[in-house]
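Down below is the structure, laid out as structure tokens.
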Amino acid sequence: MSGTKPASSYIPGLDGIRAIAFLLVFWAHGTPGPISRFIPATLGVTIFFFLSGYLITTLLRKEVTRTGTISLRDFYIRRTIRILIPLYIVYAISVPFAHYILHTFAGNLRGALSVAFYYYNYSIFLNWNCLPPVGMDVVWSLCVEEHFYILFPLLYLIMMRRRISTQRQTQFLLLLCGLELIWRFVLLLVLHKNWMWTYAATDARFDSILWGCILALRNNPVLGDRGILPRGRETLAFAASVAVLLCTLMVPNQVYRDTVRYTVQAMCLYVMFSFIIPHIRHWSVRWLEWTPVRYIGWISYILYLSHKLFLDATEQRFPDQLWISAPLGLALAIAFASLMRYSVELPLQRLRSRFRRVPELDPTAADGHGLVS
């Protein structure tokens, strides 16, 4: 580990993107059942996944460039400090919150273990009776990301040690993405699995993260790679990707929604990220850098973990009054996340910096989550 303290370098636009992802999830959870069906919380999840793959792979590339290798020990310590400790604190708070404030089920031991050891996402559809407190079921997406954090750095280290070219690495990851799409069809049409499997299982959703990895490996605007956008028509390509992304939300066919949708959305995000990061001053995306938007992204991890607790509380207090319960729930979640950010996350960030060999890409998430419904 280097004796000099690495400087921090900020990737523009990503906090704003993270804020959008969280607000999509919050909007879906904060609206009545029939309406929430038309709000793309799942897109918010996909954005978080893509962002995770992009940030972590960019960080790994920078570490290899600077040191010639990857310290898996340091990587896993950073993961533990960044993700597990805040999660365990919020979970510990959620138990008495559910019991004394919400007056509802506070979870069981199996639920606590499934969260602590990151297999809750599989327990959902395998009927293992793993029940966290009401409001903490959002941790299923963290399970997917944590499985990625465990496996991908090891895979990337192997590829680097075997001196596999970037082109070959990209081809291999694209192959995995293609096989993942086929696997979703097999799960639904051959094995007749419940739709929740293709929604929440790591083996059915990891390609959303891998597409972000591919962008970081092949066309990374932060590391000076050649972009994929046609020169002189970057804005048009960005607009087209946004239009296609919106269209993916309108197709009602359930097989499409549980298979192809995730792939098409990730490909659209590939183009959108390629535009946003180097063109953040463009009028269409510069609002992502507005201070209030960035702040939501800055505290999005704790917001994501805790928002359903506060929504449930305000909905109990103001039933059928969405115009009060949703804004109040969001305000309470922001206040709690802000408190957690300054009292827990920032001290942990300083501790985490001791195990970082390269400059942290983004003070809020390059060493954290991209992060559901």
Hey, is CG on Asn253 packed in by over 12 heavy atoms from elsewhere, all under 6.0 Å? yes

Residues, nucleotides or ligands: over 12 heavy atoms within 6.0 Å of Met267 CE: no

May I ask you to decide if the ring planes of Phe273 and Phe50 are parallel, tilted or perpendicular, using 30° and 60° as cut-offs? tilted

Check: [Y] main-chain N/O paired with [X] side-chain donor or acceptor under 3.5 Å:
X	Y	answer
Glu289	Gly13	yes
Tyr88	Ala116	yes
Gln171	Gln169	no
Thr57	Tyr54	no

same_hphob_cluster([X], [Y]) at 4.5 Å side-chain heavy-atom cutoff:
X	Y	answer
Ile158	Tyr76	yes
Leu155	Leu72	yes
Leu181	Val45	no

Side-chain donor-acceptor pair under 3.5 Å between [X] and [Y], yes or no?
X	Y	answer
Gln349	Arg341	yes
Thr58	Asn220	yes
Tyr199	Asn194	no

For Arg18 and Leu55, run side chain to side chain contact (heavy atoms under 4.5 Å, CB included): C-alpha distance rounded to whole Å, both residues' side-chain angles, the deciding distance at 0.1 Å, then the answer. CA-CA 12 Å; Arg18 193 176 297 108; Leu55 287 170; 3.7 Å; yes

Side chains of [X] and [Y]: does their closest heavy-atom pair fall under 4.5 Å?
X	Y	answer
Tyr119	Cys130	yes
Leu157	Val64	no
Ser325	Arg317	no
Tyr256	Thr248	yes
Ile20	Leu288	yes
Tyr270	Ser241	no
Met159	Phe172	yes
His29	Lys308	yes

Residue pair Asn121, Thr202: steps toward the side chain to side chain donor-acceptor pair (under 3.5 Å) verdict: CA-CA 8 Å; Asn121 61 326; Thr202 303; 3.1 Å; yes

Looking at [X] versus [Y], is the centre-to-centre ring distance below 6.0 Å?
X	Y	answer
Tyr342	Trp298	yes
Phe206	Phe148	no
Tyr149	Phe152	no
Phe22	His307	yes
Trp140	Tyr120	no
His282	Phe275	yes

[X] and [Y] ion-paired at < 4.0 Å:
X	Y	answer
Asp258	Lys193	no
Arg184	Asp207	yes
Glu180	Arg205	no

Leu269 side, atom CG; Leu245 side, atom CG - distance, nearest 0.5 Å: 6.0 Å

With sequence neighbours excluded, tell me which residues meet ring-ring contact (aromatic ring centres under 6.0 Å, His included) with Phe97. Phe310

Between Tyr295 and Ser338, is a side chain to side chain contact (heavy atoms under 4.5 Å, CB included) present by the stated rule, with each step listed? CA-CA 9 Å; Tyr295 187 77; Ser338 299; 2.5 Å; yes

Hydrophobic cluster mates of Leu151, side-chain heavy atoms under 4.5 angstrom, ILVMFWY only, any path? Ile150

List the steps and the verdict of side chain to side chain contact (heavy atoms under 4.5 Å, CB included) for Tyr100 and His103. CA-CA 5 Å; Tyr100 293 107; His103 305 291; 5.6 Å; no

Do you know which of Glu345, Glu146, Glu145 makes salt bridge (Lys or Arg N to Asp or Glu O under 4.0 Å) with Arg82? Glu345

Set out, in order, the CA-CA distance, both residues' side-chain angles and the distance that settles side chain to side chain contact (heavy atoms under 4.5 Å, CB included) for Leu332 and Leu309, then state yes or no. CA-CA 10 Å; Leu332 291 173; Leu309 297 172; over 6 Å; no

Taking every non-hydrogen atom, the tightest pair across Arg61 and Asp225: NH1-OD2, 2.6 Å

